Amino acid sequence: MAAPGSRTRSGVVQSAQAPKATDSSSQGIGVSPGSFLFVSGQLPIDPATGKPVQGDIGAQTERVMENLKAVLEAGGASFDKVVKTTIFVADMADFAKVNEAYGRYFHKAPPARATVQVGALPRGARVEIDCIAAL
């Protein structure tokens with residue numbers, strides 16, 4: 001439900017109680033509650049120990065995907081519902097191995113994806129992945 005003084009039209013939220021948006025942006029975009037699940041970036045951390053997993057980039061990616069799976073399931077989703085992912089890698093030379101492990105989790109059409117090489121990731125990780133699932 002829109003707050004007093006606001007209106008929603010085609011997902012665009014506008015309020016007289018906030019500065020007007022520029023011509024190229026909106027104050028906000030409304031998403032119906034329960035429509036999407038936004039999953040934060042997951043690192044290759046073993047939830048049982050709270051420590052990074054040991055092993056190569058394939059093992060790290062496997063742990064990341066299992067962590068994503070757990071969050072998706074807790075939110076009532078699955079990999080089949082994922083529409084977008086972003087993969088952050090410390091070294092693009094690892095991309096083939098990351099892609100191999102990642103691909104095993106998508107049994108239907110894979111989601112849209114961006115892959116970005118970054119200077120560093122938390123806790124010395126070599127890969128981090130986030131996702132958006134449609135519910």
Side-chain angles (χ1 to χ4, degrees):
M1 176 179 238
S6 67
R7 62 188 169 90
T8 302
R9 182 179 59 77
S10 301
V12 176
V13 176
Q14 298 176 354
S15 174
Q17 283 70 47
K20 287 186 176 186
T22 64
D23 289 340
S24 62
S25 67
S26 301
Q27 287 178 331
I29 301 296
V31 178
S32 298
S35 293
F36 290 97
L37 173 62
F38 294 84
V39 180
S40 294
Q42 297 296 305
L43 295 168
I45 304 298
D46 181 337
T49 65
K51 297 182 188 236
V53 297
Q54 301 301 309
D56 68 2
I57 191 68
Q60 286 197 17
T61 304
E62 194 82 26
R63 181 72 259 163
V64 167
M65 297 303 290
E66 288 296 317
N67 292 346
L68 284 171
K69 179 180 176 185
V71 177
L72 286 165
E73 288 175 353
S78 67
F79 283 113
D80 289 342
K81 301 282 188 177
V82 172
V83 296
K84 173 74 168 79
T85 63
T86 306
I87 301 174
F88 303 93
V89 293
D91 186 348
M92 198 57 84
D94 288 332
F95 179 75
K97 288 183 180 179
V98 169
N99 195 48
E100 179 183 334
Y102 168 95
R104 288 194 296 267
Y105 286 83
F106 294 101
H107 304 292
K108 294 184 180 178
R113 173 179 75 187
T115 304
V116 181
Q117 180 174 319
V118 295
L121 289 166
R123 303 195 62 183
R126 293 171 52 199
V127 61
E128 178 176 358
I129 303 173
D130 68 17
C131 69
I132 303 169
L135 299 176

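Numbers for residues simply follow the sequence, beginning at 1. What you see is a predicted model; the values in this text were computed from it and never measured.
Between Val82 and Phe106, some side-chain heavy-atom pair lies under the 4.5 Å cut-off. A heavy-atom distance below 4.5 Å is found between the side chains of Ile87 and Val98.
Within 6.0 Å of the NZ atom in Lys84, the count of heavy atoms belonging to other residues, nucleotides or ligands exceeds 12.
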Exercise for the section: Start with the C-alpha distance between Leu135 and Ser35, add both sets of side-chain angles, then the distance that settles side chain to side chain contact (heavy atoms under 4.5 Å, CB included), and finish with yes or no. Expected result: CA-CA 5 Å; Leu135 299 176; Ser35 293; over 6 Å; no
Exercise for the section: Run the numbers on Leu72 and Ser78 for side chain to side chain contact (heavy atoms under 4.5 Å, CB included), then give the verdict. Expected result: CA-CA 5 Å; Leu72 286 165; Ser78 67; 5.7 Å; no
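The shortest non-hydrogen separation linking Ala101 to Glu62 is CB-OE1, 4.2 Å. The nearest pair of heavy atoms linking Ala125 to Leu43 is CB-CD2, 3.8 Å. For the pair Pro111 and Thr85, the tightest heavy-atom approach, listed with the atom from each and the gap, is CG-CG2, 4.0 Å. Considering all non-hydrogen atoms of both residues, Val127 and Leu121 come closest at N-CD1, 3.4 Å. Asp46 and Arg63 make their closest contact through CA-CD, 4.0 Å (heavy atoms, listed as atom of the first residue, atom of the second, distance). For the pair Phe79 and Met65, the tightest heavy-atom approach, listed with the atom from each and the gap, is CZ-O, 3.3 Å.
With rounding to the nearest 0.5 angstrom, the CG atom of Asp94 is 12.0 Å from the OG1 atom of Thr115. A distance of 9.5 Å separates OH in Tyr105 from CG in Leu68, rounded to the nearest 0.5 Å. Distance NZ/Lys97 to OG1/Thr61: 10.5 Å, rounded to 0.5 Å.
Looking only at distances, no side-chain donor or acceptor of Glu128 sits under 3.5 Å from a matching main-chain atom of Arg126. The backbone N or O of Ile45 lies less than 3.5 Å from a partner atom in the side chain of Asn67, making a donor-acceptor pair. Remark: side-chain polar atoms of Asp130 are paired, donor with acceptor, to backbone N or O of Thr86 under 3.5 angstrom. Not one N or O on the side chain of Gln42 forms a donor-acceptor pair closer than 3.5 Å with the backbone of Ile129.
Listed by chain and number, the residues in a side-chain hydrogen bond (donor to acceptor under 3.5 Å, both in side chains) with Arg123 amount to none (sequence neighbours excluded).
The side-chain tip of Arg113 points at the ring of Tyr102 from less than 6.0 angstrom away and within 45° of straight on.
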